[in-house]
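Structure first, then comments.
All values derive from a computational prediction rather than experimental measurement.
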Protein chains: 2
Amino acid sequence: MSQDRITAVYLVETPKSLEQAAAVIVGEQSTGTFTAVPGETDALKEKHGARVERIQPLEETDRPSLPGARIPAGHDGKYRRGLVTVSFPLHNFGPSIPNLMSAVAGNVYELQELSGLRLMDLDLPDAFAVKYAGPKFGIAGTRRLAAVEGRPLLGTIVKPSVGLTPEELSALVGRLALAGLDFIKDDELNADPPYAPFERKVKTVMDAVHRTADKTGRKLMYAFNITGDYEEMQRRHELVVKAGGTCVMVSILSVGLTGLAALNRYSEVPIHGHRNQWGMLTRCPQLGIEFTAFQKLCRLAGADHLHVNGLNSKFYESNESVTRSIRACLTPMYGGYLTMPVVSSAQWAGTAPATYEATRTVDVMHLAGGGILAHPDGPAAGFESMKLGWQAAVQGIPLAEYASQNPALLRAIDKFGGR
Amino acid sequence: MSQDRITAVYLVETPKSLEQAAAVIVGEQSTGTFTAVPGETDALKEKHGARVERIQPLEETDRPSLPGARIPAGHDGKYRRGLVTVSFPLHNFGPSIPNLMSAVAGNVYELQELSGLRLMDLDLPDAFAVKYAGPKFGIAGTRRLAAVEGRPLLGTIVKPSVGLTPEELSALVGRLALAGLDFIKDDELNADPPYAPFERKVKTVMDAVHRTADKTGRKLMYAFNITGDYEEMQRRHELVVKAGGTCVMVSILSVGLTGLAALNRYSEVPIHGHRNQWGMLTRCPQLGIEFTAFQKLCRLAGADHLHVNGLNSKFYESNESVTRSIRACLTPMYGGYLTMPVVSSAQWAGTAPATYEATRTVDVMHLAGGGILAHPDGPAAGFESMKLGWQAAVQGIPLAEYASQNPALLRAIDKFGGR
């Protein structure tokens, strides 16, 4: 990989030729404007111009994916698609995530020469790893803190997501900690609401966590949602650490990649990265960003855990896409920077086999909201059913067969299997 | 307007009925999950549930705009569209922009009950105005600092956008300041690159600005792009202020709305808000956010100026959409919070009449890159042509007629009029 250029791969759709579209992209995102200007010399273009490295044609289509493309004279009615690889000189902006974004994902999405543009992947030179330390805990550090080896971290999301008082929440956390859960997270809808102020929430929840740990010897990891304005995030992180908490959560797209990077400079516990709002950036297949590219930025900026949806979830995303996302998080960058993928959304014991079969890893965090909390025999049985689901998966035993010996799993199948 | 609820208007597309889709949205974004859980009582739902306020059906369509919608049994092949107004209790998250975003624009974009979702507008109670002070300078403060009344602020973007050394940039700024320009901004591609370190850039540029001001009595406003990681942004702002600069620029989507709000808490000069990357959030008509909603958040967070593209630009956006954006920025919120719309992209004297005709305002910043810098008689004539374009526009005189008495305008028409 080049150490002095950034490489970006785009899925391009255009009413022009792919070559013409690629030329407009590199001009707009480096030295050009709509008309020649004094000072745009050949030497300057040579030193600072972005460069088309490769064009790989894909299928054509009869209608534009996005509105507003200008149709060239003599257009044949076809819109060409292709993968276009572009490289940018690192010295144009330096190893800065926010300024990288303006270059690789800036005004270019609005060009009328394009009827589709999606950033598929990024390759970033080592200079970025010098600037951004990445996950401080990652998979190994999280396993150490949660004392879980050899299987996924299993946990839940507080439900109802909205409305519990700090005292009600504390009671719920106490019950779930006693039930043996490894991990609980706040819902992304719940950070510091007036009816459950953050400071009070941290105190009551950590009281329950510590009380149970004294009994069981195991300290549950609770991810407190510290999403907020800059100073609030900092203050909330401090409250969590002072109270003996072992994880903070942020909505990455609410605080921005710069907010995440700022948090990572002072954080003392793993950062649980939630990707709500991500659908806006990715659900239109010919627009936005592919998770492969986005997760690299999140890992650079310091996400120890990163949400990837789940297989057979309540969301639109295909299982293939979720599988790609899990694999992406587990592919080392700069020889490290490993982030634990967080599998969630309509999960239960029965989604474990599909997840394992597709990914062949237990290095995930598997979260079930209803799938644990609404188990007919209560959350301890819900948690047990999740462990059993993974045991069956890893041993390659069909779920129904494994369930015949294990009532917690059987009851989970009865309740959730028909969905 | 309700003072204890937030109102969000969505453009929804769904294979189900609009009523069913709306019910899923309010469940997902407040108290619900995929299965009933203990604790989700009627009282809790009543106090914390989001509420469907209004459903306004629009047209139907035969194919889904977005992939991954689950087709219900017995589907008639139609996808219903409509405007759905939802209200959220303020006490679910309090007056917090980052947590508001997780509620009104979070996981909801990924629901498989929807084949399209776009956040069209937001109404936010006064509590947000108590928390977020909004633009400190706005239109009046910017005019005062730039000493421009009665016409738009006219200026340019540094071109070539990438590659000038601090000394070359300083020489260019000196020439443009002497030519009379009101305003110059860094390109969004250019903040603190290794070949032109920020500190040196501020020094050389402000030397040129001050030197010219000593001669002419007018101090050009230069928007230094301070986009960067959190501490960098703060340090760069300080360098600008210390050097006597009068404006800082940030790429809002690079630093996030929380980054903008953080800057606004310590900033001492107007904040020029650049919206590069915005295309990702808005170009697919059935996904993302409409500018009407987004600009309110940017104004709350403190943008004194806000980019809106330009009429007849090099971008995909229609003139109607640009016009709506300009009007939106000029519509008071909380009785104020006015942001100066920044009209740019392939602009020149000839785009002034269309802009004025559509908006009937001179409270804009009108930026021409090539349209000033590449004027055949140089930038002073380019600037003069822009002023003349606006004079013709405001007086309702056809451009060609006005040009017959004004050579700078005539030459601009000759060069740029044929595009």
Inset, instruction - Let me see the working for S65(B) and E13(B) under side chain to side chain donor-acceptor pair (under 3.5 Å), right down to the final yes or no. - result: CA-CA 8 Å; S65(B) 296; E13(B) 184 188 286; 2.7 Å; yes

Inset, instruction - Any chance you could lay out the side chain to side chain donor-acceptor pair (under 3.5 Å) test for E188(A) and N225(A), step after step, and finish with the verdict? - result: CA-CA 7 Å; E188(A) 78 275 8; N225(A) 183 359; over 6 Å; no

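Atom CD of E46(B) sits in a sparse spot, with 12 or fewer heavy atoms from other residues, nucleotides or ligands closer than 6.0 Å.
Salt-bridge check for E113(A) with K314(B): failed, with every basic side-chain N at 4.0 Å or more from each acidic carboxylate O. Using a 4.0 Å cut-off between charged side-chain N and carboxylate O, R283(A) and E110(B) make no salt bridge.
Residue contact with chain A, scored on non-hydrogen atoms closer than 4.5 Å, involves the side chain of N309(B) exclusively. For K131(A), the part lying under 4.5 angstrom from a heavy atom of chain B is the side chain only. Contacts between R265(A) and chain B at a heavy-atom distance below 4.5 Å involve the side chain alone, from C-beta outward. For a residue to count as touching a neighbouring chain, one of its non-hydrogen atoms must lie under 4.5 Å from one of that chain's; by this rule A261(A) touches chain B with the side chain only. Contacts of L111(A) with chain B are made by both backbone and side-chain atoms, with heavy-atom separations under 4.5 Å. Looking at D187(A), neither its backbone nor its side chain comes within 4.5 Å of chain B, counting heavy atoms on both sides. For F198(A), no part lies near chain B; criterion is any non-hydrogen pair under 4.5 Å. Using a 4.5 Å cut-off between heavy atoms, L189(B) touches chain A through backbone and side chain atoms alike. Only the side chain of E232(B) comes within less than 4.5 Å of a heavy atom of chain A; its backbone N, CA, C and O stay farther away. For S115(A), the part lying under 4.5 angstrom from a heavy atom of chain B is the backbone only. Proximity to chain B is limited to the side chain of S251(A), based on heavy atoms less than 4.5 angstrom apart. No part of F88(B) comes within reach of chain A, as not one of its non-hydrogen atoms sits under 4.5 angstrom from that chain. For E168(A), no part lies under 4.5 angstrom from a heavy atom of chain B.
Looking only at heavy-atom pairs under 4.5 Å with chain B, the residue among V250(A), L114(A), L257(A) that has the most is L114(A). Heavy-atom pairs under 4.5 Å with chain B were tallied for T258(A), D229(A), L287(A); the largest tally goes to D229(A). For the options G116(A), G68(A), P285(A), P98(A), heavy-atom pairs under 4.5 Å to chain B are most numerous at P98(A). Ranked by heavy-atom pairs shorter than 4.5 Å toward chain A, the options N92(B), L119(B), L172(B) are led by N92(B). Contact count versus chain A (heavy atoms, under 4.5 Å) is highest, among G106(B), S318(B), G259(B), for G106(B). Of the listed residues (A103(B), G49(B), P67(B)), the one with the most heavy-atom contacts under 4.5 Å to chain A is P67(B). In terms of heavy-atom pairs under 4.5 angstrom with chain B, the leader among G94(A), A105(A), A196(A), G256(A) is A105(A). Most heavy-atom pairs under 4.5 Å with chain A, from the set R275(B), M101(B), Q286(B), M280(B): that is M280(B). Chain B forms more heavy-atom pairs under 4.5 Å with one residue of G228(A), A262(A), S96(A) than with any other, namely G228(A).
Between F128(A) and Y132(A), the ring planes lie parallel to each other; the angle is under 30°, not in the 30° to 60° tilted range.
If you check the side chains of Q277(B) and S254(B), you find a donor sitting under 3.5 Å from an acceptor.
If you look at W278(A) and Y109(B), their ring centroids are not closer than 6.0 Å.
Listed for the R118(B) side chain is a donor-acceptor partner under 3.5 Å among the backbone atoms of C284(B). One N or O on the side chain of H91(A) and one on the backbone of K47(A) form a donor-acceptor pair closer than 3.5 Å.
When all heavy atoms of V322(B) and E317(B) are compared, the closest pair comes out as N-OE2, 3.6 Å.
Screening V255(A), L253(A), D192(A), N190(A) for a side-chain contact (heavy atoms from CB on, under 4.5 Å) with T227(A), the sole residue that qualifies is V255(A).
Both the sub-6.0 Å distance and the 45° axial angle are not jointly satisfied by R70(B) relative to the ring of Y316(A).
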